[in-house]
Amino acid sequence: MKKIFYISAIILSAVCLAACDSFLDTESLTKKNTGNFPKNETDAKQMIAGIYAIMNDNIADPECDPFYVFEMAGDDRLGGGSQSNIGAQSCDRIMNDIIDKFKPFWESRYAGIFRANNAIATIDNVTEWSNTAVKDQLLGEAYILRAFYYFNFAQIFGQVPLVLTTEAQNLPKASVDEIYAQIASDLKFAITTMPSSPYPNFGEGHVSKWVAEALMARVWLFYTGFYHKNELPLLDGGGIVSKSEVVGWLEDCIKNSGHRLLSDQRNLWPYTNPYTAKDYNYVKQVKENEGIALDWATDENIESMFAIKMSNKAGWHKPELRHNRIVEYFGFRKSGANCFPFIPQGYSNGPVCWTLWTDWAEDPNYAGDYRREGSICRRAVEIPNYHGDAAKEVENTDLISKKYMGCGAYGEDGTLYQSYGYFYGSENDKQVGLTQAVIWLRFADVLLMHSELTDGAVVYNGMSGLNAVRDRAHLAPIGYSLENLKKERRYELCFEAVRWNDLRRWGDVEQIVKNQEGNPILNQGAEGVYQWQANHPFMERYNATGGGFFKIPESQITLAEGVLEQNPGWEKAESEFAKGDLPYFKK
């Protein structure tokens with residue numbers, strides 16, 4: 001029997017979904033089935049593009065998007081927001097502010113897995129290809145995205161049902177080893193199947209063989225570290241993935257992918273775009289003091305390997321036309337020209353911890369590191385005329401991350417535009433104008449993973465990956481040690497959804513308590529310090545949840561009728577978080 005599935009014509013737009021270059025045929029525009037779709041190469045490209053759309057859709061609910069959750073759960077940000085905007089605060093404490101907090105994430109990721117399963121099952125419906133490399137590329141993309149979605153699940157929930165077909169099923173949780181064996185097998189298939197086309201020949205916005213190699217390293221490091229293993233399993237007695245194989249794949253990526261480090265890390269972030277930078281005092285001072293003219297490399301660049309791209313014509317009601325609500329949630333309250341360039345209004349989530357600012361400044365191995373002020377804005381210094389929203393803001397540290405903040409720009413006539421994106425074809429709007437891509441993987445991380453796996457072997461421009469990244473930051477070479485590697489990852493990759501899972505795999509989660517407890521903060525205008533709830537200490541929550549795993553949506557437990565079990569540590573009395581739970585909440 002033919003299975004019916006529905007595809008929006010606009011979902012497959014080239015603008016917002018991995019640069020697919022065509023649209024659905026007018027015949028059978030909205031209703032496709034496994035008997036008539038895909039029927040040609042164009043259909044196959046559109047089918048793969050639909051898998052990417054899921055990531056855009058999930059960003060509509062950023063408080064359950066894994067990028068946002070990983071940022072809030074780590075040690076270098078506090079939750080922030082307001083006394084009523086508590087989603088970020090609950091993630092910071094591994095608690096739940098609403099019963100079904102992760103329902104949108106659960107549904108969207110399984111929708112993406114369904115689409116990947118369908119693509120894998122039906123791609124052979126296409127019998128004529130312009131060349132076999134096109135089919136291999138598209139099929140590999142489906143496998144990579146399915147692996148990535150399951151890896152998101154594995155890091156958020158630990159164990160979930162392993163769905164590998166498009167048939168309706170009510171499944172219990174798979175074991176940890178089964179899930180990671182599936183992830184590793186999918187990535188290995190992509191590595192061994194996809195063409196070795198260097199950047200940018202595989203297409204803007206598409207994942208590639210090189211992404212599969214790098215993701216395999218990230219999966220290997222997390223699985224072996226968090227679960228105390230020596231190797232990563234493959235499916236059905238297919239063997240294992242060894243450390244030496246992972247190193248070989250990373251070296252293949254480093255030498256042959258065409259990806260490289262940008263000359264200056266700050267050029268990854270939109271505040272260096274020319275329309276904003278010409279009026280941003282920080283960028284002007286960099287040119288004056290360092291002799292460096294910063295210049296945004298755009299969302300598509302040689303260092304960014306895997307990113308969620310946004311549409312220039314964003315909207316609220318079409319999942320493929322999402323603006324970047326993660327950036328919106330990090331934005332300032334009551335913002336405007338007085339906090340240029342960070343003028344798009346938001347919810348003041350994710351204030352930066354003072355311990356990151358001071359640790360970075362006080363480390364002699366990082367003296368003069370431009371990345372500190374390139375990554376963090378001290379409000380009182382950079383934007384002294386901005387006074388925030390004292391009536392509502394909590395956990396305000398006076399520090400914010402610059403990497404994912406909305407930026408405005410002045411036109412030549414002096415008009416202030418809500419988003420620099422206006423000059424790149426998007427809307428002049430504080431929300432839908434937020435079109436910055438979310439980078440999940442970049443080349444600097446590949447270099448640092450290689451150093452971690454090889455104790456700092458030479459691999460790039462005659463240097464270890466660790467020292468190549470340091471060299472880009474104008475820092476002297478340093479000997480390899482795990483301690484040095486950990487610090488470099490913290491500073492280079494801060495605010496990029498990496499730190500939380502690094503701490504978990506290293507067994508260093510207690511750093512969260514050390515680096516957050518006692519941070520000086522303002523709460524509704526009153527001076528205070530960050531505290532954990534006395535009745536819910538962080539490490540007790542971490543251990544009770546099996547190592548920082550979040551609550552499976554209650555609706556899914558109900559629908560499964562006893563087949564799917566809730567994660568440990570999520571009994572109501574121990575896991576619910578409300579605004580009154582803030583120890584410094586102003587009654």
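Remark: the backbone N or O of Q436 is paired with a side-chain donor or acceptor of N324 at under 3.5 angstrom. Looking only at distances, a side-chain donor or acceptor of K402 sits under 3.5 Å from a matching main-chain atom of E373.
Residues forming a side-chain contact (heavy atoms from CB on, under 4.5 Å) with A337 (at least two apart in sequence, or on another chain): Y410, L416. With sequence neighbours excluded, the residues forming a side-chain hydrogen bond (donor to acceptor under 3.5 Å, both in side chains) with W269 are Q265, listed by chain and number. Considering only residues two or more places apart in sequence or on other chains, S451 meets the side-chain hydrogen bond (donor to acceptor under 3.5 Å, both in side chains) condition with none of them. Judged as a side-chain hydrogen bond (donor to acceptor under 3.5 Å, both in side chains), and not counting sequence neighbours, T298 has no contacts. Annotation: side-chain contact (heavy atoms from CB on, under 4.5 Å) contacts of C339 (sequence neighbours excluded): F332, S335, I383, Y386. The side-chain hydrogen bond (donor to acceptor under 3.5 Å, both in side chains) search around W106 returns Q556, not counting sequence neighbours.
Between the CG atom in D389 and the CZ atom in R333 there is a gap of 6.0 Å [rounded to 0.5 Å]. For the atom pair K287 NZ and I292 CD1, the distance stands at 12.0 Å (nearest 0.5 Å).
Checked against the 6.0 Å centroid threshold, F342 and Y271 do not count as a close aromatic pair.
Ring pair F550/F102 is tilted by interplanar angle, where 30° to 60° counts as tilted.
The 12-atom threshold is not exceeded at CD1 of I99, counting heavy atoms of other residues, nucleotides or ligands nearer than 6.0 Å.
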